[in-house]
Amino acid sequence: MVYARPEQGYLLVDRQTTSASQSFAHQLCGENAYEGADCPNCRKKLLLLLTVDAADPRVELSSLGIRKLPVLLCWTCNIAQAPFAYTVDDQLRVRLVLHGEGGCETEFPYRNYPKHFPATMCDLVPVPEEEAAAVAAFNRNGSIVDLPRHLDAPRHQIGGEPFLYTDDPEHCPLCNRPMPLFCVLGDRATDTRDFTRNAWVETVVHLCRACRCVLVQTFCD
């Protein structure tokens, strides 16, 4: 298995629901204002799923030389039906490297799909040891019925070993070096609509720190 770094896993939790006192600007969703971050199929801004504050030492992004790292996707076309990768430069400009083509839909994954979801500030909360152990056992050879109900679908997690439908290794499309897993996102957005209305959809993000290249894939059980 290709492990993320940091080895400790952190859940992304709505700041209003935690007692943690953190000053880092991790954000779920919000408007995409990144230059170059446009969907080549739908001719609109890519959907901003997550913004990671690179100043937080726990996410180990200081070597990238950027203030923040965006996780981007488009759910209304085929962009992720092929490898979807992009780079982020030190001016936070996005350049698409690989993407699927075509397949634009007006009512997928559901009608009146938003251009963006409301921004929510998040704290990083360590994954409890017993939960990490249960998920790791499932990833290797477990049954979904053996997991506690709150662990039987993907959650928003940076680092550690999250719930995974696949642990296939990835290589950077630019330098061909191994591309470690960085984070996964479940289907929960920041309001009642969610990303796809399928709780078992998972967005998996790998990161090449040498190239500042982000690879985003989607899976569903």
For the [atom1] atom of [X] and the [atom2] atom of [Y], what is their distance to the nearest 0.5 Å?
| X | Y | atom1 | atom2 | value |
| --- | --- | --- | --- | --- |
| Ile158 | Gln8 | CD1 | CD | 12.0 Å |
| Met121 | Leu28 | CE | CG | 9.5 Å |
| Leu61 | Arg212 | CG | CZ | 11.5 Å |
| Leu11 | Leu124 | CG | CG | 9.0 Å |
| Leu69 | Leu50 | CG | CG | 8.0 Å |
| Leu46 | Leu96 | CG | CG | 6.0 Å |

With a 4.0 Å cut-off, would you call Asp194 and Arg188 a salt bridge?
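Here Asp194 does not pair with Arg188 in a salt bridge, since their nearest N and O are not under 4.0 Å apart.
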Is a salt bridge present between Arg155 and Glu131, judged by a nitrogen-to-oxygen distance below 4.0 Å?
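Judged by the 4.0 Å cut-off on N to carboxylate O distance, Arg155 and Glu131 do form a salt bridge.
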Linked, directly or transitively: [X] and [Y] (ILVMFWY side chains, under 4.5 Å):
| X | Y | value |
| --- | --- | --- |
| Val71 | Ile66 | yes |
| Leu92 | Phe24 | no |
| Val127 | Val125 | yes |
| Leu147 | Trp200 | yes |

Do Pro154 and Pro162 make a side-chain contact, defined as non-hydrogen atoms from C-beta onward lying under 4.5 Å apart?
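When only atoms from C-beta onward are counted, Pro162 and Pro154 do not touch, as no gap falls below 4.5 Å.
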Contact check, side chains of Thr203 and Leu49, non-hydrogen atoms, under 4.5 Å
yes
Would you please name every residue forming a ring pair (Phe, Tyr, Trp, His ring centres under 6.0 Å) with Tyr113, sequence neighbours left out?
Tyr110, Phe117
Mind checking ring pair (Phe, Tyr, Trp, His ring centres under 6.0 Å) for Tyr10 and listing every partner two or more places apart, or none if nothing turns up?
none
Do other residues, nucleotides or ligands put more than 12 heavy atoms under 6.0 Å from the [atom1] atom of [X]?
| X | atom1 | answer |
| --- | --- | --- |
| Arg93 | CZ | yes |
| Glu31 | CD | no |
| Glu130 | CD | yes |

Excluding sequence neighbours, so at least two apart, what forms side chain to side chain donor-acceptor pair (under 3.5 Å) with [X]?
| X | value |
| --- | --- |
| Asp191 | Arg193 |
| Thr218 | none |
| Thr87 | none |
| Thr166 | Asp168 |

Go through it in stages, so that I can follow the logic: the residues are Met179 and Cys208, the test is side-chain contact (heavy atoms from CB on, under 4.5 Å), and I'd like the CA-CA distance, side-chain angles, deciding distance and then a yes or no.
CA-CA 5 Å; Met179 204 174 196; Cys208 176; 4.0 Å; yes
Examine distances only and state if a side-chain atom of [X] and a backbone atom of [Y] form a donor-acceptor pair shorter than 3.5 Å.
| X | Y | answer |
| --- | --- | --- |
| Asn78 | Gln81 | no |
| Asn32 | Ala37 | yes |
| Arg140 | Val135 | no |
| Thr120 | Asp14 | no |
| Glu202 | Tyr165 | yes |
| Asp187 | Asn198 | yes |
| His206 | Leu215 | no |

Kindly indicate, with the supporting measurements, whether the criterion side-chain contact (heavy atoms from CB on, under 4.5 Å) is fulfilled by Glu101 and His99.
CA-CA 6 Å; Glu101 298 181 352; His99 63 83; 4.0 Å; yes
Applying salt bridge (Lys or Arg N to Asp or Glu O under 4.0 Å) as the test, list every pair that has at least one member in residues 36-47; sequence neighbours left out.
Asp38-Lys45
Can His26 and Asp56 be said to form a side-chain hydrogen bond (donor to acceptor under 3.5 Å, both in side chains), step by step?
CA-CA 9 Å; His26 303 301; Asp56 188 340; 2.8 Å; yes
Pair Glu170, Gln217 - check side-chain hydrogen bond (donor to acceptor under 3.5 Å, both in side chains), show working.
CA-CA 11 Å; Glu170 300 295 341; Gln217 300 169 294; 3.3 Å; yes
Contact summary for Asn139 and Leu164, nearest pair of heavy atoms
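The pair with the smallest heavy-atom distance is OD1-N, 3.1 Å.
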As a quick check of understanding, evaluate salt bridge (charged side-chain N to carboxylate O under 4.0 Å, His left out) for Asp53 and Lys68, giving each step before the final call.
CA-CA 5 Å; Asp53 186 347; Lys68 50 190 176 181; over 6 Å; no
Sequence neighbours excluded, every pair satisfying ring pair (Phe, Tyr, Trp, His ring centres under 6.0 Å) that has a member inside [range]:
| range | result |
| --- | --- |
| residues 36-55 | none |
| residues 118-155 | Phe138-Phe163 |
| residues 40-77 | none |

With Cys104, which residues qualify under side-chain contact (heavy atoms from CB on, under 4.5 Å), at least two apart?
Asn41, Cys42, Cys77
If you link ILVMFWY side chains whenever their heavy atoms are less than 4.5 Å apart, which other residues fall into the same cluster as Val97? By chain and number, please.
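Grouped by the 4.5 Å side-chain rule, Leu98, Leu174 form the rest of the cluster around Val97.
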